[in-house]
Amino acid sequence: MEILSGKQKRYLRSQGNQLPAIFSVGKNGLTKIWLGQVLDALRVHELIKISLQQSAVVDIDAAIKFIQKNSQITIAQKIGHTLLLYLPSSNPDYQKISLEVNELAH
């Protein structure tokens, strides 16, 4: 998990504002398979939203703990039942957002 400055978090929140939630957590809860799919999406997109359905067996704080315990994903924002997740891509072809975030660090 990367430690981000306030300026970096603001940038990520602004980029995530228009994003739709592409993953959801429902009655099946959180699994390693689900997390693997989220990581695959982050390797390409670097920034995604996930949402917890009303039928989810876990709450938002349990989801945050699960993600942080089992991955290097950074939680950029938590609003209601939605999380904005950030993970810099290791593939230079997909490093658009992480390049901007690194610029803001200086």
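Values below: every heavy atom of this structure, side chains too, minus hydrogens, waters and symmetry copies. We count residues from 1, following the sequence as given.
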Cluster overlap Val25 with Leu83, hydrophobic side-chain contacts below 4.5 Å: yes
Locate the shortest heavy-atom distance separating Lys78 from Asp61; write the atom from each residue and the value. NZ-OD1, 3.1 Å
Between Tyr94 and Val44 the two heavy atoms that sit nearest each other are CB-O, 3.5 Å
Please report the interatomic distance CG(Leu84) to CD1(Ile50), rounded to the nearest 0.5 Å. 10.0 Å
Side chain Ser71, main chain Gln68, donor-acceptor under 3.5 Å: no
Assess whether side chain to side chain contact (heavy atoms under 4.5 Å, CB included) is satisfied between Val57 and Asn28, documenting all intermediate values. CA-CA 7 Å; Val57 295; Asn28 294 332; over 6 Å; no
Report the distance from atom CG of Leu12 to atom CD of Glu100, rounding to the nearest 0.5 Å. 10.5 Å
Give the intermediate values and the outcome of side chain to side chain contact (heavy atoms under 4.5 Å, CB included) for residues Asn70 and Leu30. CA-CA 11 Å; Asn70 295 295; Leu30 300 165; over 6 Å; no
Answer yes or no: are there more than 12 heavy-atom neighbours, outside Gln54 itself, under 6.0 Å from its atom CD? no
Of the non-hydrogen atoms in Leu42 and Leu85, which two are nearest, and what is the gap between them? CD2-O, 3.6 Å
In terms of the angle between their ring planes, are Phe66 and Trp34 parallel, tilted or perpendicular, with boundaries placed at 30° and 60°? tilted
Derivation and outcome, side chain to side chain donor-acceptor pair (under 3.5 Å), residues Gln95 and Ser98: CA-CA 6 Å; Gln95 292 178 344; Ser98 59; 4.8 Å; no
Show, in sequence, the C-alpha distance, side-chain angles and deciding distance for Leu4 and Tyr86, and conclude whether the side chain to side chain contact (heavy atoms under 4.5 Å, CB included) test is met. CA-CA 10 Å; Leu4 301 173; Tyr86 169 69; 4.3 Å; yes
With the side chain counted from C-beta on, respond yes when Ile73 and Leu35 share a heavy-atom pair under 4.5 Å apart, and no when they do not. yes
One should read off an interatomic distance between Arg13 CZ and Gln8 CD, to the nearest 0.5 angstrom, of 11.5 Å
Quick check for you: to the nearest 0.5 Å, what is the distance between Ser24 atom OG and Leu52 atom CG? 8.5 Å
Identify the two heavy atoms, one from Leu47 and one from Gly16, that lie closest to each other, and give their separation to 0.1 Å. CD2-N, 3.7 Å
Shortest non-hydrogen contact between Gly26 and Gln53, atoms and distance: CA-OE1, 3.5 Å
The complete set of salt bridge (charged side-chain N to carboxylate O under 4.0 Å, His left out) pairs with one or both residues in residues 37-52, sequence neighbours excluded, reads Asp40-Arg43
Out of curiosity, Gln37 CD to Phe23 CZ, how far, rounded to the nearest 0.5 Å? 5.5 Å
Side chain to side chain contact (heavy atoms under 4.5 Å, CB included) for Leu19 and Ile48? Distances and angles first, verdict last. CA-CA 7 Å; Leu19 294 176; Ile48 64 170; 5.7 Å; no
I need the minimum non-hydrogen distance between Pro92 and Ser90, along with the two atoms involved. CD-O, 3.5 Å
Heavy-atom donor-acceptor pair, Thr74 side chain to Ala76 backbone, under 3.5 Å: no
Hey, any chance Ile22 and Ile97 share a hydrophobic cluster, counting ILVMFWY side chains that come within less than 4.5 Å of each other, even indirectly? no
